[in-house]
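Here, residue 1 is the first one in the sequence, and each next residue gets the next number. Counting convention: from 1, in listed order, for ligands and their atoms alike.
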Amino acid sequence: METIDIKNLNIEKASEMLRDGKITSVSLVEACLKNITERNGELNAILEVFSDALDEAKKADEMIARGEGDKLTGIPMVFKDNIFITGKKVSGGSKILENYTASYDAFVIEKLKKSGAVFIGRANMDEFAMGSSNETSAYGPVKNPLDITRVPGGSSGGSVASVAAGFCLGALGTDTGGSIRQPASFCGLVGMKPTYGGVSRRGTIAMSSSLDQIGPITKTVEDAKIIFDIISGQDKMDATSIKLPDTPTEISLAGIKIGIPRDWLKEGIDADVMENFNASVEKLKNLGYEIVDIDLPYAKYSLAVYYILMPAEVSTNLSRLDGIRYGNRVEGENIFDTYKKSRSAGFGMETRRRIILGSYVLSHGYYDAYYNKAWKVRHAIEKEFEDIFKKVDFVLTPTTPSVAFKFGAKKDPLQMYLSDIFTVPANIAGIPSLSVPSGFSAEGLPYGVQFMAPLCADEKLFAISLELEENI
Ligand code: GLN
């Protein structure tokens, strides 16, 4: 048996080694658990290590011995704390659901159990997926494994830090406005947000239902594709789920045009990020792809639209957490007092801010001025992407306007919200998007660039991302 260095291993390679009998799933899981024991105290990425992980690994080894399973059989994975696994706690990073136990499996979990992937644990996250730095978790911040004075990004920071620190080989996160891609970029990993509906949302704690998507976080594009191929698929029990087109055997990238929305890149981006981005564009040019400057004037308003529609949906989705139907209860003098006390004790500051914002934009007097207006702009943005994809095959931007920042650096919520300026448009338009690592700063901090593709062109998105990854 070979010794296992999880940090330098990926899913593709580990899967091959498992099939060839060079390693076992048990040994893989043991290596992950060792890394967790050594470093999770410092990073706070994993909230709970599942006690049955080694038993599951044994079962996976038996599957492999019988010649069953697929590329994820025996592969150790970690899940954001908003994805349901029967019998396991799921808190959404919040105190209000501290001891809540999932009573069913999420669709993606059903799929992964069938594959025989090994579930290592539940990953820390910003409270109810609201945040860009993992500082809003009720269970304390997650640290960036590459530099512990910096944030790992959010809200899937625990999932991302777990992959980067060798606690697992792949993770699932959720992306409502960038929460997979932004932290992946901050930690030098690949993060993918599928086409809206391409992966079922059944069994995820909803943040903003019209924007949320579950997606993979991995070291390589190929690994992300391996997970995506297994977790995607139509689900009768999610009304917004769709069947994506079958993977063509050969995806041609001949004659591809890549659009750069220069009007987004004029301000608010660090100079070194821009330099790195321009270098990636040059590489694509040298590979023979045509680079075209484009304008996306409506998409510039994505963040404004997001901060109206998202809080509206958040305030609605979180209304069920009242201490009666769901969530920890703090007894009051009457039912309203109980609601008030339970919610005040259970929710953190950022969650409250968004509930208040959401209730405001949905209130009788302002509904038309804000909520309805934002939907109109959203439709204009969707149409704008639809039109631009008649002219170019992909849109490329930096994933984030800066590298991973220090803890406490963005105390002003508006500053924090701006870290999602490039990732939010894909959620607004429902299109797939993937962040690829694109090098390191002088201080050794990772950069990332993000491709956006037309609706349902997820497979093509993987193909172009692979091209860049191989040539970066
Ligand atoms: N950082 C964004 C927010 O705070 C996005 C969150 C997400 O994608 N879940 O809302």
Side-chain angles (χ1 to χ4, degrees), residues 79-83 92-94 123-137 141-142 151-160 171-187 191-194 196 199 201 204-217 302-318 347-358 361 374 399-402 404-405 409-435 448 450 452:
F79 302 96
K80 190 172 179 176
D81 186 26
N82 59 357
I83 300 175
S94 180
N124 202 349
M125 59 182 276
D126 278 305
E127 186 175 23
F128 293 116
M130 294 184 251
S132 307
S133 63
N134 239 279
E135 291 169 291
T136 76
S137 167
V142 177
V151 305
S155 61
S156 312
S159 300
V160 168
L172 291 188
T174 56
D175 192 312
T176 304
S179 280
I180 289 176
R181 290 161 288 155
Q182 184 254 20
S185 175
F186 277 9
C187 294
M192 190 243 186
K193 180 201 95 71
Y196 182 76
V199 174
R201 291 177 297 110
T204 335
I205 299 178
M207 171 183 164
S208 180
S209 316
S210 77
L211 301 158
D212 299 341
Q213 268 296 278
I214 301 176
I217 295 155
S302 295
L303 205 62
V305 168
Y306 179 77
Y307 276 96
I308 294 173
L309 298 183
M310 174 274 294
E313 293 182 20
V314 161
S315 69
T316 314
N317 277 326
L318 298 190
F347 289 142
M349 278 309 290
E350 186 59 26
T351 301
R352 293 183 208 190
R353 183 180 354 261
R354 299 203 194 186
I355 292 173
I356 293 169
L357 265 174
V361 301
T399 308
T400 58
S402 75
F405 45 87
K410 298 198 191 280
K411 288 219 162 65
D412 171 2
L414 289 181
Q415 282 305 315
M416 185 69 87
Y417 298 167
L418 282 170
S419 18
D420 304 312
I421 187 118
F422 299 128
T423 48
V424 160
N427 301 77
I428 296 292
I431 56 177
S433 175
L434 191 150
S435 176
Q450 166 198 251
M452 286 170 260

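S137 contributes no side-chain N or O that, together with a main-chain N or O of N134, makes up a donor-acceptor pair within less than 3.5 Å. Remark: the backbone N or O of T400 is not paired with any side-chain donor or acceptor of Q182 at under 3.5 angstrom. Here the side chain of N82 pairs no donor or acceptor atom with the backbone of G93 at under 3.5 angstrom. When atom types are taken as modelled, the side chain of E350 and the backbone of T136 share no donor-acceptor pair closer than 3.5 angstrom. At least one donor-acceptor pair closer than 3.5 Å links the side chain of R352 to the backbone N or O of F347. No donor-acceptor pair under 3.5 Å is formed between the side chain of E313 and the backbone N or O of M207. When atom types are taken as modelled, the side chain of D126 and the backbone of E135 share a donor-acceptor pair closer than 3.5 angstrom. The backbone N or O of T423 lies less than 3.5 Å from a partner atom in the side chain of R181, making a donor-acceptor pair. Within the 3.5 Å criterion, the main-chain N or O of T174 finds a donor-acceptor partner in the side chain of K80.
Heavy-atom contacts of G131 reach the following atoms of ligand 1: 1 (N), 2 (C), 3 (C), 4 (O) (cutoff under 4.0 Å). Ligand-side atoms of ligand 1 in range of M207: 9 (N), 10 (O), range being under 4.0 angstrom from any heavy atom. Distances below 4.0 Å separate heavy atoms of D175 from the following atoms of ligand 1: 8 (O). For ligand 1, the atoms sitting less than 4.0 Å from at least one non-hydrogen atom of S155 are 9 (N), numbered in the order shown with element in parentheses. Atoms of ligand 1 lying under 4.0 Å from at least one heavy atom of Y307, given by number and element, are 3 (C), 4 (O), 10 (O).
Contacts with ligand 1 closer than 4.0 Å are made by side-chain heavy atoms of Y306 only, the backbone lying farther away. Proximity of F128 to ligand 1, defined as any heavy-atom pair under 4.0 Å, is not found for any part of the residue. Heavy atoms of A129 found under 4.0 angstrom from ligand 1 belong to the backbone as well as the side chain. Both the backbone and the side chain of T176 come within 4.0 Å of ligand 1, counting heavy atoms alone. At a heavy-atom distance under 4.0 Å, no atom of Q182 approaches ligand 1.
Evaluated by nearest non-hydrogen atom to atom 4 (O) of ligand 1, the leading choice among E350, R354, K80 is R354.
Taking any N or O of M130, backbone or side chain, none lies under 3.5 Å from an N or O belonging to ligand 1. When only interatomic distances are considered, the shortest N/O to N/O separation between G177 and ligand 1 falls below 3.5 Å.
Regarding atom 2 (C) of ligand 1, its nearest protein heavy-atom neighbour is D420 OD2, 3.0 Å. Counting protein heavy atoms only, atom 6 (C) of ligand 1 is closest to S179 OG, 2.8 Å.
In terms of heavy atoms, A123 sits closest to G158 at CB-C, 3.6 Å.
The closest approach between any non-hydrogen atom of G178 and ligand 1 is below 4.0 Å.
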